[in-house]
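Read the structure below first, then the notes.
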Amino acid sequence: MLDLPRSACWTEETARAVLQTEALANREAAFLAIHQPLRDFEVQGSRGSEIADLSDAGVLAALSAPGIRHAFCVVEGEPGAGKSHLIRWLKVQWPKSDLALLVQRADGSLTGTLRELKNELGPAYGGLFDRLGQNMQAGFEGRAALFHAGLAESLKPGFFETPLPDEDWCGRWDLRHLLGHPVVRDQWKGPERLLSIMSGHGGERDSESASFNLYDIADLARLAPSIDKPPPKALMFLRHLEKERERIELLRAEGRPARELLDMPGLNVPESMKLVDALNRRRDFAVQHVLGISADGLKQMFLELRQKLQKEGRRLVLLLEDITSWEGVDNQLIDALVADSRTREKTDENGEAVSDVCDLISVAGITPDFFHRLRGNYNDRITHILKLGHESTYGHFQQTTQLATAEAQVAFAANYLRAARADLKVLEDWRRDGARREALPNPCNDCQLRLGCHASFGAHDQVGLFPFTAQAIVKIFGALHDPRGTRTLQTPRGMIQGVLSQVLLNPSRLGDGKFPPPELEATDWLPDDMRRPSSSYLAQMIEAAEQDPERADQLRRLVMLWGNDQTATTVDVDGMPTFAGIRRNIFDAFGLSWLGSQTHATSIQPVENSTVEDVRPPTAKEEASTEAQAASPVAKPKATTATVAAEKTSAALNISSPPAKKVDAKKLREEISQLHDWRDGKGLSEPKQWESTLAEIMGQLSLGRLGIPRVLWDRLFTKETVRLEGVGRTDVRTFVLPRADWVVRGVEAYITLRAAKDLPPEMEETYRRNYGRLLRRLGELAAAHARKRLTAEENPWSPAATCAQILLARTWLRGNVSPDQPLPQQFTELLSEERPPSSNPEERVESWSTLVTATGGTHERLRDYLRHLLAMPQDEREIKLGLVDAGEVADALASLQKTMRMVPVPPQVTDSQKSPSRGLDEILKIAELATKLDDTLSLIPDREFRSLTNRSVRLQVLLREHSVAGHLKRVDSALTKLRGLLIQAAPTAIDDWAKALDKLRTAQFLDDRPDGPARRIEEFLFDECAPPGTPALLLARVLAAPALEMRQLSDALALGEKAIAEAFNYASAYLASTSGDGDLSVVNGFGRTLHDRASAIRSTLDGTP
Amino acid sequence: MNEIAKPSSALAPLDDLEALLPELPTAKERKELGKALATACQKIREIEGAAAGLDEVAALLTVCGDTITEERVEVLTCLDRITAMAREFIAAASYEELDHVRFTVAKLPGELKTLETAAGRAWRTNVRSRLAGMTPLGDVLARIPQMASLGHQFRTLGRDASTLEQSNAPAVQRIARLQHLLSQRDTLMNDLSGMGIDAEVVSFLQDIASGLLPLSRLTDPIREWLDRVGATDVFRVGLA
């Protein structure tokens, strides 16, 4: 057997150099070694056709061609897709005749970017940066406050010289004062978040967009309860936001990325969306003077730089890793970047066209998100677009083309593995020799373990994948996901940071026998299901194989990350056994216990984890023994699924002895004789006595087994209703025992066993057997009779189910439980004693209260009846059978919940003359109520919803765009003032209003508490959710509506309207009646005028000698 | 079943009610003070010019300055009465008070007339005192051949002053006219000075224009001036 490596064939130092993704300085060799030519990306743009070869080299050739005077090339890709790598590669390869400046992402901020640029340009051009005005002294918090204040002010209508399209909307809701409210300024972190992104995010920016999103608005809405006394309009706007926040928070709880929400169809948050737009529209203005770098300053600096380079006859190449950070000042700055020198050409004295700025080639990395926004403004000026990804079939992110296939993923990893194994000095030599790919060192070529290693771990292009396998690379890479949902990790960066780094940076783990290393699970990029055994069987195998928890974890990681999810032992083509697709010698190489079969001669099927018991039908022998069991007092039923049906028709399996009764022998003989006579068609001499006997026998039947509740039994089988065939009058209510041998023998056995003592065992056994048979057959007949009486014979109608439905409907309508609550909870509620109604039925549509009233007189009786119907037998010897059972009730309840329709009541039940249930008052009442409910119940939700909607519309009209408290105070203020002036104005109407207002005040309608009635009403008024599609959910919705509060408010406002109308009429008439020109102020004013003039003359005279 | 009421969009006139609330206090006064207020207002509106009249008086008296002496007491007394009236108007609030306003208002024109008369007198005195002597001076100068032209101008000024004295034009116009005439006077006097006539001669000429003078006023400088302008024969010596 060929040996495998058991320790790392690379060093941490080399790995670190290879994996370093940021700085380019002093590591060009490693960079070039891991460089994998980019191919087959998509090229667009007005001059995209210039790139004939769709590769990185093709891009370089096209853009750096000597004749190119201008280009603005955008490299579009998700974060980590390789934009920076390509741009750095261009920097390394760019001809030295040009001034090629690589502006790395640095800390992600604009200032950081400029610092990079300044460093790149060196002292010769550094002075240009001195005039950018980066002298802002304020700290981050100060700048955030300024940004916030600027945003707030910019929401004021008329703020901008050229009005923004949403100015009226902003003014309508007084957004300026809302955002400027002290609580919002102190506690809303939206502006701070944006500024943080634009300021670099502590270096963790990673192309995140610096725009307001719906989560920011949700955060703002969350502050609503704390915002003290906002302006009235702003208050109403907050109500809207609070309502919409619920929908946004649901998506946030699902971990949906904020940017996904902006395009989500059907997300009904119109006001929040408008606010997002309004804020983002003003963001650039507000941020520019906060960043301390003016866009004009930047533009001027670039212009001067290009003018200077033009004089030196140099071409400027700007290689910009990420310009997403320039949000806020981007437009003007990009203007400078895309300015074509040829557009500034003038003719010199020699008649030649000369530009005052140098030629410029810009290549900028950009995310798809930002690209879409940029493209709107600069589409015409982007000359080349390199798209590193393509639309994926799922999700919001692009799939990176470079790693689209498993082979590409393995090749990418192999490239890094090769570079990591190489000596850095060797790589440096290789770079100095021209860095030709075909000459790239491959340490595997010189490795003695190569054959075994490549055979077991696999290789790509002669580069061994140790300690990975191709399956491991693809599997781990494919599983990576960002738990915050903000980016895709199926990118080169994801491969490096989520797969390769964890292994290559920890080479000692191999030698220490701690491989696969825990670092693979150190990030939260691996989903939870990859962090635990895929089945309890696998967990048991691992536990059995490794007692040590750490080693068990290694084994688990190996199987879960390297394996193929199969807990099967198979044999590879070379005879090597594999477990979960992992060769046995890999287990050995990592020092881990082999999990597969020791024999491994053949493929072994995986063991299913589930332990479902077999369900098989009873054998013929077992079935035959049923009768015998029936005769045994201790016989137990075989309660398998297959035998349940047989049990249902088998009565009285558990038979006790008849109660002892002292009867003399003569009497006994007479009774037996009568029985036999009856069988022969004669009458009975003592029918009353037989009635009692039959009642006794019927009492011996096990009601539980028959599935007939006691409450029904007592009504169905009485002395008066149980008859022997041909004895007495019968009708639909009578249960008749047929003239049959089994009846005669059974009854004879009963009375004999009851009376006789010390019967011979054989005889007793015979009697018991016949008695048992009687009970069994009697049970069958009784059950059939009961079904017939309950009309269940021909129709599958269950009074219990209908009764439960009636009670549930009543419970809903009283608001004691909502149709959208779990069914068990509803079931419990309907069986419980009624609590006071919370739905305010009297405030609902008429049909609602009518139904509540209709069931009001009988619900207690029905509930008691239902409890009996559903009561489980307490006797251990009994099992439950199903004429009526909980399952049937549950189905009916579920059906009611789904359709709001009652189980159909057979028409014959409701026929008072022919009903088989005649005499069963509860059944008839149930049928009557069910019919009534079925006619109306399903219509009620819609009626009530429309009624509430109309009431809501009316309330909104009455409130005149004011909050509830605001309007109440307004009306009261007007009426109080009027009353102060004209006591006789509409006194009754104003009194009525005042009383109504007092009631509202007592009920806290004038308080602005979050749980107060006013707030509940306002939330309902602004509820823009479409009504649910099912009546039950609609009923749940209307149950949750503040119907009572709306009625109270509606009534009070109606009184207010009446008072206003009457008061206005009175006041108008009063004004008309006093329409003369008398005005006390005229008299008083004239007096003052005279006085002033006289005083003036007096002063004149006083000034004279 | 029609158990769902359609929402109405009708609204009570809350905005209108709020709008008319500020009008109610005045209306209420009107209602309560009734005819007395209306009459008082009507009477006051009938003498709306009173304030303007007082302004005229004030303007005239301001110009009259130190010339008002005889009328001073009369004016002050009148002002006391008018001030009392004004206080009554200011304080009027009840029916009775307003009812009395009309009687008081009726007295106001008389008081104004008194004031205007006094002010007119003061005005005339003022004009006369400031422009007196212009006509006689003009008469004297007109007789002197070399001064005839200037004499005519002094005469004209004298006539204009006399006209202004009797003028009933608005105070503003009268005051402006007075300023103009005073300015004209100053100009003519400057012209006299420019012709070498010193103040003593001017004084002599003005005084003699009013009548006979003692011979002692005929001082040497005056005689020299009369000789120089050939006006010796214009004057005769007589017994007083």
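Letters A, B, ... mirror the listed sequences (proteins, then strands); counts begin at 1.
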*With only heavy atoms counted, which part of S1095(A) is less than 4.5 Å from chain B, the side chain, the backbone, both or neither?*
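For S1095(A), there is no contact with chain B at all, as no heavy atom is under 4.5 Å.
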*Is chain B contacted by the side chain of A974(A), its backbone, both, or neither, given a heavy-atom distance below 4.5 Å?*
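It is both, since atoms from each part get that close.
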_Within the supplied structure, the quantity of interest is the number of heavy atoms (other residues, nucleotides, ligands) at a distance under 6.0 Å from D186(B) CG; does it exceed 12?_
yes
Can you tell me if [X] uses its side chain to pair, donor with acceptor, with the backbone of [Y] under 3.5 Å?
X	Y	result
R1088(A)	I90(B)	no
N1084(A)	A92(B)	yes
K977(A)	L21(B)	no

*Side chain to side chain, I1097(A) and T62(B), heavy atoms closer than 4.5 Å*: no
*Heavy-atom distance under 4.5 Å between the side chains of L54(B) and T1089(A), does that happen here?*
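Side chain of L54(B) against side chain of T1089(A), heavy atoms only: no contact under 4.5 Å found.
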Greatest number of heavy atom pairs closer than 4.5 Å to chain A - which of [options]:
options	result
L11(B), L17(B), V75(B), L115(B)	L11(B)
D16(B), T39(B), L98(B), L79(B)	L79(B)
A86(B), A119(B), A84(B), A10(B)	A86(B)
K28(B), R87(B), M85(B), K43(B)	K28(B)
L24(B), L108(B), T26(B)	L24(B)
I82(B), L14(B), T83(B)	L14(B)

*What is the distance from atom CG of L981(A) to atom CD of E23(B), rounded to the nearest 0.5 Å?*
12.0 Å
_Separation between CG of L1090(A) and CG of L112(B), rounded to the nearest 0.5 Å_ = 7.5 Å
*Hey, are R1098(A) and D80(B) close enough for a salt bridge, meaning a charged N less than 4.0 Å from a carboxylate O?*
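Yes, this pair counts.
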*Are R970(A) and D15(B) close enough for a salt bridge, meaning some N to O gap below 4.0 Å?*
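Salt bridge present between R970(A) and D15(B).
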*asked:* Under a 4.5 Å cutoff for heavy-atom pairs, which residue among L955(A), L939(A), V957(A) has the most contacts with chain B?
replied: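 When all of L955(A), L939(A), V957(A) are compared, V957(A) has the most.
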_P13(B) to I1060(A) - nearest heavy-atom pair and separation_ = C-CG2, 3.8 Å
*Which pair of non-hydrogen atoms, one from F1086(A) and one from A50(B), has the smallest distance, and what is that distance?*
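Looking at all heavy atoms of both residues, the shortest contact is CZ-CB, 4.0 Å.
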*Contact class of I47(B) relative to chain A, heavy atoms under 4.5 angstrom*: both
_Heavy-atom cut-off 4.5 Å, strictly under: side chain, backbone, both or neither for E18(B) against chain A?_
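The answer is the side chain of E18(B).
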*Using the side chain to side chain contact (heavy atoms under 4.5 Å, CB included) rule, take L37(B) and V1082(A) through it: C-alpha gap first, then chi angles, then the decisive distance, then the call.*
CA-CA 9 Å; L37(B) 175 59; V1082(A) 170; over 6 Å; no
